[in-house]
A.B. asks: 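After the structure tokens below, expect a handful of questions from me.
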2 protein chains.
Amino acid sequence: MIDVRFPTTLQMMLSLALAQSEGDILLSSTQLAEGAGTNPTLVRRLLPLLSKAGLISVTKGREGGVRLARPAREVTLDTIYRAIVGDEPLWTARENVPHRCLVSNNISSFFGRLTREAEEALLLSLSRRDLAESLEELRRIETCALPGR
Amino acid sequence: MIDVRFPTTLQMMLSLALAQSEGDILLSSTQLAEGAGTNPTLVRRLLPLLSKAGLISVTKGREGGVRLARPAREVTLDTIYRAIVGDEPLWTARENVPHRCLVSNNISSFFGRLTREAEEALLLSLSRRDLAESLEELRRIETCALPGR
DNA sequence: TTATTATGTATCCAATATAGATACATTTAG
DNA sequence: CTAAATGTATCTATATTGGATACATAATAA
């Protein structure tokens, strides 16, 4: 099964940014799930990760729900990625490689370095966008997609 | 199950680069598999991808085997990644997201752009290393790991 | 020509990770 | 106290990968 946690979380965060811009509205896990085309359980599994990272603020109980914990402009997409993925490296090498030659002896260290470098490049790319800017991009996309007349 | 095709392929390519530097030696899928801690079947599933990408040259039949098709200096790691991963995007968004609002209407386009950008950054990072340079790095790692006296 | 020894593939099974569904404990506002 | 939200546990279905076996195909040595 394909891992859709990052795209799903990103859509949740964009929905929260939109709700914030429309007057600090709280969204429930059910509403977030319907918007993202998934079910409330998955949303409720993701919320604590975002909450621990300080990106959202969650209120339990009646009249509770979810909102962004910071202005949309201050939430860059790399922090969302990190909140969901955690310490998991982008790529994982095979374990139990026998040590027999220059390559097999040191592939693990080498691959670790390579992975960290690539990850850094990836996160830097994500850090160039924030939620507010992304909402603007969504608006531009919607405008472009309108049928011409 | 964790996907180890890229790390495995990278190790195979490094082994081939080492074999090349030691006198254009051919390696069999069995030898490559033993070095990488896997089985010949997986290696033989990966070889055609590298071959189609023009990175290796494979000879069937008795006395056959695998060698690099180009000098190690001219094989950058991004081409290896592309050969194995193909067109598969780095991240895949969920399908069947209902179109109901600014976010859900346009998330698919937005996420596609984001993914392509991140992928580009990733490949650029990989393109900074080639196989020859990587062998040198393996040698440096091995030297550093020697116990001091 | 024949035996040997490579790769290329098909097939099957096992292991693993994620998504989805249900249920229920916990928390909080009214 | 009730209603309604999140937090979590558990189970199942599904998809993907890796490993094993077998065999077709190809090419070389003898």
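Each chain gets a letter, A, B and so on, in the order the sequences are listed, and its residues count up from 1. Small disclaimer: the values here were computed from a predicted structure and weren't measured.
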A.B. asks: Between B:S134 and B:R129, does any side-chain donor sit less than 3.5 Å from a side-chain acceptor?
C.D. replies: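 No, no side-chain donor-acceptor pair sits under 3.5 Å.
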
A.B. asks: Taking ILVMFWY side chains as joined if any heavy atoms are under 4.5 angstrom apart, and letting links pass through other members, which residues group with B:I2?
C.D. replies: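 Noted: B:I2 shares its cluster with B:V4.
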
A.B. asks: Kindly state each residue pair satisfying ring-ring contact (aromatic ring centres under 6.0 Å, His included) with at least one member in residues 41-65 of chain A, sequence neighbours excluded.
C.D. replies: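 Every candidate ring-ring contact (aromatic ring centres under 6.0 Å, His included) pair involving residues 41-65 of chain A fails, so no pair, neighbours aside, qualifies.
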
A.B. asks: Just how far, in rounded Å, is P of D:dT6 from NZ of A:K52?
C.D. replies: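 These atoms are roughly 16 Å apart.
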
A.B. asks: Would you find a donor on one side and an acceptor on the other, under 3.5 Å apart, between the side chain of A:N105 and the backbone of A:C101?
C.D. replies: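 Between the backbone of A:C101 and the side chain of A:N105 there is a qualifying donor-acceptor contact (under 3.5 Å).
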
A.B. asks: Send over the distance from A:L32 CG to D:dA5 P, rounded to a whole Å.
C.D. replies: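 Interatomic distance, CG of A:L32 to P of D:dA5: 12 Å.
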
A.B. asks: Heavy atoms under 4.0 Å is the rule here; annotate nucleotides 14-21 of chain D 5' to 3' with B where the base is hit, S where only the sugar-phosphate is, and - elsewhere.
C.D. replies: BB-BSBBB

A.B. asks: By side-chain hydrogen bond (donor to acceptor under 3.5 Å, both in side chains), which residues pair with B:R73, not counting sequence neighbours?
C.D. replies: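 B:R73 satisfies side-chain hydrogen bond (donor to acceptor under 3.5 Å, both in side chains) with B:E136 once adjacent residues are dropped.
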
A.B. asks: Could you check how far CD of A:E95 sits from P of C:dA15, rounded to whole Å?
C.D. replies: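 In whole Å, C:dA15 P and A:E95 CD are 17 Å from each other.
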
A.B. asks: Could you work out, with side-chain hydrogen bond (donor to acceptor under 3.5 Å, both in side chains) as the rule, every residue matching B:T9, not counting sequence neighbours?
C.D. replies: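 In terms of side-chain hydrogen bond (donor to acceptor under 3.5 Å, both in side chains), with neighbours along the sequence ignored, B:T9 is linked to no residue.
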
A.B. asks: Check each of A:E142, A:M12, A:Q11 against B:V103 using the side chain to side chain contact (heavy atoms under 4.5 Å, CB included) test, and report the only one that passes.
C.D. replies: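 Going through the options one by one, the only one that passes is A:Q11.
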
A.B. asks: Give, for atom OG of B:S127 and atom CZ of B:R82, the distance between the pair rounded to the nearest 0.5 Å.
C.D. replies: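 The CZ atom of B:R82 is 12.5 Å from OG of B:S127, to the nearest 0.5 Å.
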
A.B. asks: Just to verify, what does B:D130 make a side-chain hydrogen bond (donor to acceptor under 3.5 Å, both in side chains) with, not counting sequence neighbours?
C.D. replies: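 Applying side-chain hydrogen bond (donor to acceptor under 3.5 Å, both in side chains) to B:D130 gives none.
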
A.B. asks: Which other residues end up in the same hydrophobic cluster as B:L124, if Ile, Leu, Val, Met, Phe, Trp and Tyr are linked when side-chain heavy atoms come under 4.5 Å apart?
C.D. replies: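 Its cluster mates, by chain and number: none.
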
A.B. asks: Between the two end axes of the helix from C:dT1-D:dA30 to C:dG30-D:dC1, each built from 5 base pairs, what angle do you get to the nearest 10°?
C.D. replies: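 Axis-to-axis angle, ends of the helix: 10°.
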
A.B. asks: Show the nearest heavy-atom pair for residues A:L90 and A:T115, with the distance to one decimal.
C.D. replies: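 So the minimum-distance heavy-atom pair works out to N-CG2, 4.0 Å.
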
A.B. asks: Return the residues of residues 18-31 of chain A meeting this criterion: a heavy atom under 4.0 Å from some atom of DNA chain D. Order them by number, or give none.
C.D. replies: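 Hits under 4.0 Å, by residue number: A:S28, A:S29.
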
A.B. asks: Specify the separation, in whole Å, of atom CG of A:L46 and atom C1' of C:dG20.
C.D. replies: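 Rounded to whole Å, this separation is 13 Å.
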
A.B. asks: Among pairs that include at least one residue of residues 69-94 of chain A, which meet ring-ring contact (aromatic ring centres under 6.0 Å, His included), considering only residues two or more places apart or in two chains?
C.D. replies: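 Qualifying pairs: A:F6-A:Y81, A:Y81-B:W91, A:W91-B:F6, A:W91-B:Y81.
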
A.B. asks: Using atom CE of B:M12 as one end and atom C1' of C:dT7 as the other, report the distance to the nearest whole Å.
C.D. replies: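 Computing the B:M12:CE to C:dT7:C1' distance gives 12 Å.
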
A.B. asks: Among residues at least two apart in sequence or on other chains, which ones pass side-chain hydrogen bond (donor to acceptor under 3.5 Å, both in side chains) with B:R116?
C.D. replies: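 Result, side-chain hydrogen bond (donor to acceptor under 3.5 Å, both in side chains) vs B:R116: none returned.
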
A.B. asks: Measure CD/A:E34 against P/C:dA21 and give the value in whole Å, please.
C.D. replies: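 Rounding to the nearest Å, CD of A:E34 and P of C:dA21 are 12 Å apart.
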
A.B. asks: Output a table of nitrogen or oxygen pairs between the protein and nucleotides 1-4 of chain D separated by less than 3.5 Å.
C.D. replies:
from  : atom 1 : to    : atom 2 : distance (Å)
D:dA3 : O4'    : A:R62 : NH1    : 3.3

